[in-house]
Amino acid sequence: MKFVITAFAIAVAVLVTQAVAELGAVVNSFPGPPSSYPMALARSRDALYAYCKLDTGPARALIYKLNPQTGSVENEFGLPRRPYENYGGLAYTSDGSLWTANGTIDSLYQLDAETGSVKKSFALYGRGVTGLAARHNPATGGPIRGIWAKTYRPEGIALYDHVTGEIKIQWLWSPDGFDIAWLYGKGLLLSGLITESGYYCQAFTPQGKVVATFPAPTRNELYGFAYYEGSLWVSATRTEASYDGYIWQLDVRDLLAVNPASLGRVKALFR
């Protein structure tokens, strides 16, 4: 009987190990737009958006609307104001808006997702932003509860009110990565992690409690992050094979079983 229990325990351990190994598995990949570096990503129900710095041309940066399965370009438009290459982060909300920030201009922009025209802008008051994610479910729509921002001045995670532009809440800590993604329904953010052994993706609560870490699909730094219905899209400005931008779709469905509430809480800084 003891042997049966031991064998069963080993079998369970193997299944758990296999499940963990599948977290972050590549299910699809494609090159980024030609001659560009995808720095931030956002996902709608039918499109993947990428903010890209460009190799050449007067614009220096564009936002592309891509087919999320093939990477083919369906639309493109410019940024609101120069310097176009100094924007950080990209988020989508199902009111037909894209959100991006420019630390040089000190503004957070709400753009029309089809034309790029400015709907509204808010002052950042000196905060530098590298990543954005909407606290929102783009698959079903529903309420927009704010725009998450990863800031580097100061280093922190902040939640902006999408109507007033005011900071609703802020934690003074920051992950290694540039862009961030919001795993709606689970209260988790995702971003990059840099270690001596290589590059990783990590999932964490806004308060900074890390719940999962898994290898990046490339031996290079990740920049863009976007989540949609069990998949995480990530981008890098180069691969092992070339200096061209590339985008991967990763399976992160195992994260849906995580219970962030069991990890405890860190006191937030309210404004």
Side-chain angles (χ1 to χ4, degrees), residues 30-124 129-150 160-165 178-182 184 223-229 233 235 245 247:
F30 44 81
S35 303
S36 68
Y37 304 107
M39 307 299 294
L41 301 174
R43 185 69 162 83
S44 71
R45 186 177 297 177
D46 59 359
L48 177 69
Y49 294 89
Y51 162 66
C52 297
K53 294 184 179 181
L54 305 182
D55 262 348
T56 59
R60 300 293 299 276
L62 289 171
I63 292 177
Y64 291 94
K65 180 181 179 181
L66 308 175
N67 181 301
Q69 301 305 319
T70 66
S72 60
V73 176
E74 298 179 350
N75 192 16
E76 64 183 63
F77 47 82
L79 283 301
R81 290 180 56 190
R82 296 177 183 273
Y84 300 128
E85 66 275 18
N86 284 2
Y87 284 79
L90 197 63
Y92 175 85
T93 50
S94 56
D95 58 353
S97 298
L98 284 172
W99 302 77
T100 189
N102 190 309
T104 303
I105 303 171
D106 204 30
S107 294
L108 172 66
Y109 288 98
Q110 180 183 5
L111 309 177
D112 185 286
E114 291 301 319
T115 66
S117 60
V118 177
K119 292 183 174 182
K120 195 182 297 184
S121 64
F122 308 102
L124 290 172
V129 172
T130 64
L132 293 172
R135 189 179 176 187
H136 174 62
N137 184 335
T140 61
I144 302 167
R145 304 189 184 278
I147 305 296
W148 290 113
K150 179 186 181 297
Y160 282 85
D161 188 290
H162 73 288
V163 177
T164 66
F178 290 84
D179 199 15
I180 53 176
W182 175 245
Y184 46 83
Y223 284 84
F225 278 74
Y227 173 82
Y228 185 83
E229 295 293 87
W233 279 259
S235 66
I247 298 172

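The shown structure was predicted, so the numbers you read here are calculated from the model rather than taken from an experiment. Quick note: residue numbers are just sequence positions, from 1.
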_I need the Leu62 CG to Leu54 CG distance, nearest 0.5 Å._
4.5 Å
*Give, for atom OH of Tyr49 and atom CG of Leu98, the distance between the pair rounded to the nearest 0.5 Å.*
5.5 Å
*Could you tell me which residues satisfy side-chain hydrogen bond (donor to acceptor under 3.5 Å, both in side chains) with Trp233, sequence neighbours excluded, listed by chain and number?*
none
*Taking side-chain hydrogen bond (donor to acceptor under 3.5 Å, both in side chains) as the test, write out the residues that go with His162, two or more places apart.*
none
*Go through the side-chain N and O atoms of Asn102 and Thr100 and say whether any donor and acceptor fall under 3.5 Å apart.*
no
*Between Trp99, Phe225, Trp148, which is the residue that forms a ring-ring contact (aromatic ring centres under 6.0 Å, His included) with Trp182?*
Trp148
_Would you compute the distance between atom OH of Tyr64 and atom OG of Ser72 and round it to the nearest 0.5 angstrom?_
13.0 Å
*Hey, does the side chain of Ser235 reach the backbone of Pro38 with a donor-acceptor pair shorter than 3.5 angstrom?*
yes
_Run the side-chain hydrogen bond (donor to acceptor under 3.5 Å, both in side chains) test against Asp106 and tell me which residues pass, sequence neighbours left out._
none
*Mind checking side-chain hydrogen bond (donor to acceptor under 3.5 Å, both in side chains) for Tyr184 and listing every partner two or more places apart, or none if nothing turns up?*
Glu229
_Please list all pairs meeting salt bridge (charged side-chain N to carboxylate O under 4.0 Å, His left out) that have one or both residues in residues 109-119, counting only residues at least two apart or in different chains._
Lys65-Glu114
*Could you give the distance from CD1 (Ile144) to OH (Tyr92), rounded to the nearest 0.5 Å?*
9.0 Å
*Not counting sequence neighbours, list each pair that qualifies as a side chain to side chain donor-acceptor pair (under 3.5 Å) and has a residue in residues 31-42.*
Tyr37-Asp55
